[in-house]
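Residue numbers start from 1 in every chain, and the chains themselves are labelled A, B, ... in the order their sequence lines are given, proteins ahead of strands. For clarity, every value in this text was computed on a predicted model and none was experimentally measured.
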Amino acid sequence: MAQAAPAGAPAPVLALEEVTKSFGSVRALRGVSLALHAGEAHALAGENGAGKSTLIKTLAGVHRPDSGTVLLDGAPVTFHGPADARAAGIAVIYQEPTLFADLSVAENIFMGRQPLRALRRVDHTAVRDATAALLRRLGVDLDPERPARGLSIADQQIVEIAKALSFDARVLVMDEPTAALTGTETDRLFAVVEALRKEGAAVLFVSHRLTEIFRLCRSVTTLRDGALVASEPLAGLTEDDLVRRMVGRDLDALYAKRDTRTGETALEVRRLTREGVFHDVSFEVRRGEIVALAGLVGAGRSEVVQAVFGVDRADAGEVLVRGAALRRGSPTAAMDAGLALVPEDRRQQGLVMELSIERNIALTGLHTLGRGGLVRRAAERARAGDWAARLRLRFDRLSDAAGVLSGGNQQKVVLAKWLATEPEVLIVDEPTRGIDVGTKAEVHRLLSELAAEGLAVLMVSSDLPEVLGMADRVLVMHEGRLVAELPRAEATEESVLAAATGRTGAVRRTEAAALDGEGTP
Amino acid sequence: MSTGTGTSAGPGTGTPKALGPDAERAPRSLAETVLRVRELSIGGALVLLVLGTWLANPSFLDGQGVEDLLLNSAILVLLATGQSVVVLTRNIDLSVGSVVGLSAFACGSFVSGSDHGPVAVLLLGTALGVLCGLVSGALVSFGQVPALVVTLGMLYVLQGVGHAWAHGDQINAADVPDSVLELGSGGVLGVPYLPLISAAVLTCTAYYLRSYRGGRELYAIGSSPEAARLAGIPLRRRVLAAYAFSGAVAGFAGALWLARFGTVVADAANGWELTVVSAVVVGGLAITGGVGTVWGAALGALLLTTMGSALVVLKVNPFWEQAITGVLLLAAICADRVVRHRTTEALRKRRRP
Amino acid sequence: ALTLALAGCSGTTKDDAKDDAGSAKEGARNAKADPDAPLKEGLKLAFLPKQINNPYEKIVDEAGIEAAGEYGGQAKEVGPSDAKASSQVSYINTLVQQRQDAILIAANDPNAVCGPLKQAMKRDIKVVAYDSDTHKDCRQLFINQASSEDIGRSLIQHTAKQLGHKGEIAILSATQNATNQNAWIEFMKDELEKPAYEDMKLVKTAYGDDDDQKSFQETQGLLKAYPKLKAVISPTTVGIAAAARYIGGSSYKGKVVLNGLGTPNQMRKYVKNGTVEQFSLWDPEKLGYLASYAAASLSSGQITGREGERFTAGELGERTVGKDGEVILGPPTVFDAKNIDDFDF
Amino acid sequence: MRQAGGKDDAPVREAGGEAARGEVAAGRRRTYAELLRWDTALGVLLVAVLLAGAGGTEGFAETTNLSAALNDTAEIALIALPMTLLVVAGQVDLSVASMLGLSSALAGSLWDAGWAFELIVPVCLLVGLAGGLLNGWLVTRVGLPALAVTIGTLTLYRGLASVVLGNKAVADFPETYAQWASYTKTVPGTFVPYPIALFAVLAVGAAVVLHRTRYGRAMFAIGAQEQAAWFAGVRVNRIKLVLFALTGLTAAFAGIVHTLRYGSARADNGIGLELVVIASVLLGGVDFNGGKGTLGGAVAGVLLIGVLNNLLTLNDVSNEIQVVVTGVLLIVSVLTPRVIAVAGERRQRRTAAT
Ligand SMILES: Nc1ncnc2c1ncn2[C@@H]1O[C@H](COP(=O)(O)OP(=O)(O)OP(=O)(O)O)[C@@H](O)[C@H]1O
Ligand SMILES: Nc1ncnc2c1ncn2[C@@H]1O[C@H](COP(=O)(O)OP(=O)(O)OP(=O)(O)O)[C@@H](O)[C@H]1O
Ligand SMILES: [Mg+2]
Ligand SMILES: [Mg+2]
């Protein structure tokens, strides 16, 4: 396969040559080569499980290649650990944020590289100030001294970005940094990355949002099943070309939302409040309807759906499913009533990483898999196998730990686990985070079909095209309050963004607000 | 243990992650209180206990009384300091009791009938402790095996070795040189050496943990070993060092034990591992690592020993002593937990009015 | 209430608990004693101390093992490293399995070891208790260091003399459940009832658990809690050593009397520096020696453990089995500044 | 270790087409893996020790010896069952030995007061249940870590035992019941004493619960990732509470067994037993961090320590050395699987490189 090095360019800053890497019987990388040049942004594309993260971890010194070489400035190097790669000026944003939950944001960013003062003591003030400056540059409002515990996935991602930007990297590697971000944050990130690139940094960028690839990068390497498909300039390629390279075939329309007739109210939320987090949130979702909950990062969307499902306890208000009030603070009660929640954080909330794929999928429906508390293994396996096939899960064995799956495939397991409960109301929080284009279409088709069959869907998503494409109705949150409700016809990028940023003048006052009046006895 | 790591499980447990992102906007003082509250509530309990006992029996705080209190807690404070450093890295060292016993006996046989000075004894004890710590540490960090199992194994191994070596022999105070015993009973300006030494070790450790990269990295490792690895922290070296430190402190404490008690059998500090761990836990260190300070652990140790002394001074029926200690212990950790929970809840509610 | 009553009627209560104790022993005892039988060669004896690494027990057992050499027997010491009530039991079982000729035991708990010892006697293994007794049905002989009554009363008598029969006293014992300790303490209390001691008051019994450090702190606590305390009696070697150390290093030195049971090597320093005036103890080596010979005589059939039987205990000369199979070593020695240098144990 | 029959260039299987073939291959691989598992290895080791003992040590293989040796592990074995479940669920109970002592002391003092033994047993069990519930309540409702809570109740329950019985030792329990707990009375036709027979039955029950029921699945999930379990609708708190209650109950029952077996009720019965129980469970390959382990492994761990100690004692190996052996075994138990894994990785890298 041809290397697409720009003619006349100097030796690449960082390159891989013929690298292979296996995990057990899974061959994640098979003879892959890649070259990153100073001042150039390069994209890495591929389906879920194609080997992108593995490649990145090889560059970062996390994995040692089984064979093949890593070249730094044209000379072969061996990284014995992430520390070596860092020392060589490689900054990495990993797909899954890995923060020190108990430490402050500032410490997280400067851990191991804190500025020092006399006697080699850590200069805490300098750490804080430098962090504040960084966060300002990224345009986020985070207290450098708050602990990382409790940050939403998006905020965690932002801290990771700040961490990577905080040192003068020669190579900046980003594994799906935007998966949890909304457009606003993505724009800021791109501006900063662009500046770095202009200063001469080499950039490697992974994303399943193809538009972002075209916006940021000049060339692209595509992987399929761990093997190199092509490494070429982006100029002249279309999104469809890229998809074809990734998937190996053509894809149909991306968003397959079917129009359906909505039925009676399935889920009703009345004046739900969790003090300090969200206030007076009221809305309803009907059978057959997909309702999107939009807003900026940190608007409180995830908090609302978690309270609805009962994993967090609301301070006031009630949740009704088919007219019956749910017991507060009990996910079990919610599940019994037919609710399902695909949570936002798959590593902490969605999956038990150490358990096998089949047990993860079975976890939500153990009582249906046997009698008298017993679990029939065959039933368990069948259920898992079924859903794995429906969601095109890539795995080695169903008895493998969920933790060894690629990010996108983990997300599919979470989806499978909840869809398998055959809920009547499905709440999904960032359902397609990290899922590749092909499967995303699949998921959307699935949601749409299920809605057509009478399922009520409440969807939190930061992916605006997804919101606009899928939702029958869009609810918009701003700073913990529901500020707008837009029917499909009125929902446009502008109207949603305007409401999400608090410019309420532009938005029709919501029905939900009107509902408040009658909701109060 | 996977308990309490940022889970919102259980309706009653509340969400430990409720520290607001906008904590900044809440009044500073409150936020600061929260940060310090761990040490505050335990310190408060300690003060209450001392005051209460003193009111009931004023001789509790006379010269001899204070001296006894300080002397009694000195060794436990030391051990708790060493243990905290290990616990911070999300590990545990159950072998400390055995290390103290072994070191005390080794130091005893070393000085018995000789005229070695205190410095030689302390060095010997420390060296022995470092050795034990390095073995546990190497197994945990390089062998990548669960700390609890390894150190429980080390507890047995060292205890067995110590007992087999002593085999019923005992070091008599009469054989220990006076210069060594002086270390245990003497003092400067009326303050005994032992608590001074403990305080010095404690302060240095606390300062290192707060103000040096190495110290901060210990917190990082405990908070998330995975993230620490990705951040390029030399994980294994740091964990090994933590164990070596804990071992060194335990070995050092063994030498002090000899100096203080003079009479030593191989099972000195036998069974102390759980006492040390409870001191650390009472002091607010999370057993899951990354949270707490050595000051807290020291306060926990002080609280435990003071409780024991206070009950005797209060003439509590000896059959009741242990039960009351248990209740007080539970009360202390519950109070600490409740206070912390209340504050974080209050903070959350002020986040977004 | 009804069910309670019913259960009370039909249930097993203490009164109908049957004790078949002694039947095993009776069987063994039916054998006739033959006072002229020679000591058998190659007897296998096992000493089972309370705790294997207790210095005092070690002295006793080593003397006993040495004695076995004199009459051509083989003795060994086995045992647990903690003084728990239950931990001796598995040792008894294995000793039975090893078909020892005799088991010599210092019982941690008179009841816990009873059943297994009976099993041993059923298999014709002789059982001799020493230092700390088990039930009289569960052994053939008990080698008592001194009669419990003597020990208890004389400790009070000595202390009273030192105090001039006046003042508050406290006892620092070992564990709450130590049988011999509790027996002595009972006799101490009984002695104190006498009119001669009406000005003396026992204010507290504290427990140092035979743990050096705990005993140390308990002493501290006693002196703090009872400012008028004039004397501490510690009838345990660990306790008295710890108490001596605390008192010797504190302001109480010379003001508070310390008496009890201790070994000369441990206490020498405190006698010399004036912390302790006197204390007492029997000779632990003789205890082991006597026990060893008693066990050999039993195994050789010279005696069966009945009252009045006689046997020769090597250098110690002839001894007579007393009531309930007790053999008494003799009165304890009182150690003070004058004689302490004559002893080394 | 390539997939049998799989195409070389299809390393990652998509569900569907190749499923059947893949499963067969996976099944075969799993049996190899099973052989390398620590708990299986431990079972093999146990058998080896038994055989070695029977061959080389006089008196070991006699039924009386085996009965006595087995019965000596009775309390540890009984408590190890719920403890295994607790540890799998990421919790721990250090107060078990104290609860054993409390139950024993209570039985003693009630017996001394003339109560019927048939009435004493349920009262002790109730107290055990209450103690377990207190532990569970503090963990689930107050939100304290299990280690901290049970270190506290370890002191409390032992203290209560001493309050109840003081320094008395009560004996003379009814012979009929004492017989049932003794090693001299065995299940007819076997050398298995009744406490161990009961343990065997309970062990089967516990194994079914842990490995075959949804409650067992939930325990694994809680131990591995509590928050994810809670999000999946697992009643985390309820399961923890029940486990703590069961542990307390079993500890109290073990207290009665202990009392009858030794014929002695004392406040200090079973002191220090908690670490032995935990050591046995951990030796059996149960992960203290939760989420991993098998009941069979824990049972093998308990029996191995018991049998090995008996064998060593019979061979006059001193107690000190036995302690060292236990320690070394513990260390080896965690080191071995690790060494095997690392060796496997090495081999894999070599084969991949060529
Ligand atoms: N630690 C591991 N152990 C075993 N298998 C692994 C491990 N890490 C990755 N894999 C496997 O390697 C393959 C490639 O995974 P990788 O994470 O690189 O995919 P990816 O391209 O990043 O996918 P995604 O877009 O979903 O993030 C997957 O089949 C995955 O299951
Ligand atoms: N338990 C918590 N404690 C403290 N802060 C929290 C907690 N949970 C969330 N937050 C913060 O509250 C805000 C609302 O979070 P939430 O996750 O609901 O936002 P969101 O609208 O879903 O956005 P995102 O896209 O980040 O998920 C965020 O700023 C988040 O950092
Ligand atoms: Mg990936
Ligand atoms: Mg969210």
Checklist entry - Of the listed residues (K292(D), R212(D), H211(D)), which shares the most heavy-atom pairs with chain A below a 4.5 Å separation? => result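 With the most close heavy-atom pairs to chain A, the winner is R212(D).
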Nearest heavy-atom pair of [X] and [Y]: which atoms, and what distance?
X: V352(A); Y: A228(D); answer: CG2-CB, 4.0 Å
X: L363(A); Y: R217(D); answer: CD1-O, 4.4 Å
X: T213(D); Y: V375(A); answer: C-CG2, 3.6 Å

Next on the checklist: Is L374(A) close to chain D through its backbone or its side chain, or both, or neither, when contacts mean heavy atoms under 4.5 Å?
Outcome noted: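 Both the backbone and the side chain of L374(A) come within 4.5 Å of chain D.
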Checklist entry - Checking D386(A) against chain D: side chain, backbone, both or neither under 4.5 Å from a heavy atom? => result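 Nothing of D386(A), per the 4.5 Å heavy-atom cut-off to chain D.
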Next on the checklist: Can you confirm whether F231(D) sits close enough to P331(A) that some side-chain heavy atom of one is under 4.5 Å from a side-chain heavy atom of the other?
Outcome noted: no
Checklist entry - Quick one: does Q349(A)'s side chain get under 4.5 Å of Q225(D)'s, heavy atoms only? => result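 A side-chain contact under 4.5 Å is absent here.
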Checklist entry - Between E354(A) and F220(D), is a side chain to side chain contact (heavy atoms under 4.5 Å, CB included) present by the stated rule, with each step listed? => result CA-CA 9 Å; E354(A) 289 171 22; F220(D) 278 101; over 6 Å; no
Item to check | T332(A) (side chain) donor-acceptor with G233(D) (main chain) under 3.5 angstrom | outcome: yes
Checklist entry - Looking at R346(A), R377(A), R347(A), which makes the most heavy-atom pairs under 4.5 Å with chain D? => result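 Maximum pair count with chain D is reached by R377(A).
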Checklist entry - Highest number of heavy-atom pairs under 4.5 Å with chain D: which of W418(A), F309(A), F23(A)? => result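 Top count of heavy-atom pairs under 4.5 Å with chain D: W418(A).
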Item to check | Contact origin within V208(D) toward chain A - heavy atom pairs under 4.5 Å | outcome: side chain
